[in-house]
Amino acid sequence: MKEYEHLKLEKKWQNEWEKKRIYHAQNKSKKPKYYSLIEFPYPSGDGLHVGHPRPYIGMDVISRKRRLEGYNVLYPIGWDAFGLPTENFAIKTGKDPRIVTKKNSENFKRQIKSLGISFDWSREINTTDPKYYKWTQWIFLQFLKKGLAYKAKIAINWCPKDKIGLANEEVVGGNCERCGTPVEKREKEQWMLAITKYAERLDKDLDDVDYLPQIKLAQRNWIGKSEGAEIDFPVAHPRVKRFVILHGRSSRPGDNSYPWLKKELESRGYKVEVPEMPNSGEPNDLEQADFVKKHCQLDEGTVVVGHSMGGIVALRLLEQGAKVHGVVLVATPSTGLFLDKKPRPTVTQAAQRGFKYGEIKQNADYFRLLYDSGDTVVPASDGELFAKKLNSYCQFSTGEKPHFQGKEEPAILDLLLPHIKVFTTRPDTIFGATFLAIAPELAKKLTGKNFGIKVDTERENREKLGADTGLKAKNPATGQEIPVWVVNYVSADYGTGAIMGVPADDERDNEFAKKFNLPIVENYKKAGFEDFGKRITKFKLRDWVFSRQRYWGEPIPVILCEKCGIVPVPERDLPVELPKVKNYQPTDSGESPLANISKWVNTKCPKCKGTAKRETDTMPNWAGSSWYYLRYTDPKNAKAFADKKALKYWTPVDWYNGGNEHTTLHLLYSRFWHKFLYDLKLVPTPEPYKKRTSHGMILGEGGVKMSKSLGNVINPDEIVKTYGADTLRVYEMFMGPFNQSVAWSTESIIGARRFIEKVWRIGEKVASPNASAQDFLQSNVSHSQKHLGSNSSLPKLLNKTIKKVSEDIETMSFNTAISSLMILATEMEKAPSISKDDYKKFLQILSPFAPHIAEEVWASLAEKKSINLSVWPEWDEALVKDDEIKIAVQINGKVRAEIMIEIQDNEEKIKKQALGDPAVLRHVAGQEVRKIIYVKNRLINIVL
RNA sequence: GCCCGAGUGGCGGAACUGGUAUACGCGCACGACUUAAAAUCGUGUCUCGCAAGGGAUGUGGGUUCGAUUCCCACCUCGGGCACCA
């Protein structure tokens, strides 16, 4: 008998398959296509550990089955090679990440190849290859073109010791992952991608894909869609009591301008004065100011509203030292507040005196706001909003109430009478709202004061803190005045930064109200959803921070020109190649190391040809992996990221399996990129992946995570050498449910090896001439296969196994598929003889799991063509069914006997048979049978 | 705190849609073969009990003729999120 030499045999077939290009996918084929995908690995310096291959083997089983089923299968692999470990290694050793990456990926490749995974290596890609990242950059430019890539100042994690911006995953418990220094927040301009623009579709289109339910849920939770309402709570200012409205030159004395404004203000309890100034305008503004001083009360509770000429009067009052709370000027360039469309010196002078000053442009109209510096009602920065809302100053000046669309309040009221907008998913509880809780940032904005309250993100021990702002809001439902508190449990960056406190209904509000003795209204009236607010949809999803101040990433292809601003690198100049540097250390200022290469940084502006600088930020790791599956369809294309025909043929991916840790970010990001490309009509489908599953991690022995520091990392090289790739494959598929994490056990591998050797021995037996002469000798099998059906012949068992394996592979129940293959193998070995045809079928259904031995034995049975080119066996439904089966007889739910029945027996006959069984008779023993329940082909339950 | 997943022999795990719990594998014990060992094969292996029989699927309840499976409450472990309004 020939010895099973796994090393020799596996190498032989791997070479043979490669030579014959057996796993190469065809971009044109009469066969139906099948695209199976795994998450491409990050080639780390540590090499492969036994956890890596689990998903590759799983999808390999699927892919191999599909090939035998007649599909043109694309099962590609590549390297997601930009990443922190390589960068950190470069910083430490000064080694070029390019060289390190090449070495690491070659090692990974050798290791993966030794496992006999049926990857199409001709389509291998690498995200760090300029030919690849050219297209990553190109896609970025499309985002830029569509306004979906933009720069914004946001807080990043900053390690003050390493002087480096940290990704969220590098912050461990608030400290720098590497040096343990507490991480600070630092404001920095970052590139952002507007993924939130796609939030609605990313949520909704989940309906149309076949992802595991948990994965869909995780995506939905991350997107965080919530339907609610925005409700305005008018706020009375604690100090403003009175408005003095000074009208412009065109208003005749006595016509009492702004009647609507006066009315509105008065309805909120303010005093309003509209002095009928002598209307002689400039140069009589001083005279008018005197008039106002004489007739109106100007004190710290007064806001002066000056329109046009009235504005100049208001400025005079300021000049003369009027101690008013604030001044609001409303004017256009055509009025006297301006000279040659520039603000009058008085305006700028006032600003220089410390008044807040904001200029707002909207069409040709200008609005200028001035407030005293200490206590703004509405900050000047909100002027933009103001401008948007107040769509015509003219209407304001005519004394008519301006016409605003929808429910919008007249913007002048927005300005004079602030309100707090809250977001709530329960607008129906508004009658129970007894206070407003606002974020510290908003409190600062509204009152100018710092209350010393901070929203802390610490996970434990979060005590509710708060302080009364002194502001009073009016509950629009009850009309009641309610206090406004600044709290540490409302964050500024979600919703409106303000909530209504309904302590009777909301747990957090309740806790807060109790602590600070705020009123709790228990039995209140419920409101209709839209009675007081505007229906609105919010998402938790934030825009994607796309900048990294790192070396080892795709340079963001943008040039910063002093004259022209942000200028995209022309597409013909792509890729912007990552230059070589001497030092990989980030700069002291936190810029990427690229900032130090002046030769690279300094460039010409593509627009004006003047001097300009390159963007030195690079892209995050997620960039290259957001579209890699598209590149596989046409990996060498130099004219486009992939040919349209190839994309049309292969997309979407039919089945994508990956790690649970990637079911939120990576999956969401790549869906976002795909949808964007879909909108540009560059990909044919709105979704990239038809089906998504995930695999569990392989843990070290004892159930702990495999890690270098614990020294429990298992290198597959050792296993392949000692036991063979087929054994490793079978073991990894057998060790437990594919989607759950399992602990590695080197001790248990021997079981898989014994199984493989058994397959070998049977193969030897079948291949030997005297055995093959007795085709189809049936043998009775017993014991170990009783769970597949009683008293089956070998052909029966074979057909049952074909069915079971075929079905189990589809649900990734690889462990049970192998279990049934083991049972069949055991029975085949026991059988006096097995037909060659039957054994070949066994080899075919085994081949996805153990391709090498299957191919070797297949060839030994005089097959000329590779088993890979054969056709997946079908099972015979007639042979799968049993004629005679064993069912259980229960008495009061307890099994007391087993009886054999014919499959065609009717219920009556079976019941009679059960009641006649000696064990049953003993248990029934004269008692009355109340009920008999018969479950077809399963059991009979006799109820006494 | 919330969401998701899991809890079954000494161990990894199996069990269809509520229907014979512990398949398959590891380990262990005994036996066969062998001068011997390895390999292989066979038998046994949840637990109490001589047996009849009883008890076990994290814990406690419930629904049901029947629950690992469904419901309620709780405990433990793993993963994710975080005062999300």
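All chains are named by letter (A, B, ...) in the order of the sequence lines, taking the proteins before the strands, and each is independently numbered beginning at 1.
Checked by distance alone, A:K538 brings no side-chain donor or acceptor within 3.5 Å of a matching partner on the base of B:rC84.
Per the geometry, CG belonging to A:L824 stands 13 Å off P belonging to B:rG25, to the nearest Å. When the P atom of B:rU20 is taken as reference, atom CD1 of A:I885 falls 12 Å away, rounded to whole Å. Rounded to whole angstrom, the span from the NZ atom of A:K464 across to the C1' atom of B:rC84 amounts to 13 Å.
You'll find the ring centres of A:Y731 and A:W744 inside the 6.0 Å limit.
Within residues 746-756 of chain A, the residues that have a heavy atom under 4.0 Å from RNA chain B are, in order of number, A:E747, A:S748, A:I750, A:G751, A:R754. Near RNA chain B, meaning a heavy atom under 4.0 Å from it, residues 933-944 of chain A has A:I933, A:V935, A:R938, A:L939, A:N941, A:V943 in order of number.
For A:E898, the salt bridge (charged side-chain N to carboxylate O under 4.0 Å, His left out) partners are A:K886, not counting sequence neighbours. Scored by the salt bridge (charged side-chain N to carboxylate O under 4.0 Å, His left out) test, A:R671 finds A:E687 as partners (sequence neighbours excluded).
Among residues at least two apart or in separate chains, there is no salt bridge (charged side-chain N to carboxylate O under 4.0 Å, His left out) pair with a member in residues 735-750 of chain A.
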field: Base versus backbone protein contacts along nucleotides 46-54 of chain B [heavy-atom cut-off under 4.0 Å; B, S, -]
entry: -------SS

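Other residues, nucleotides and ligands place no more than 12 heavy atoms under 6.0 Å from the NZ atom of A:K881.
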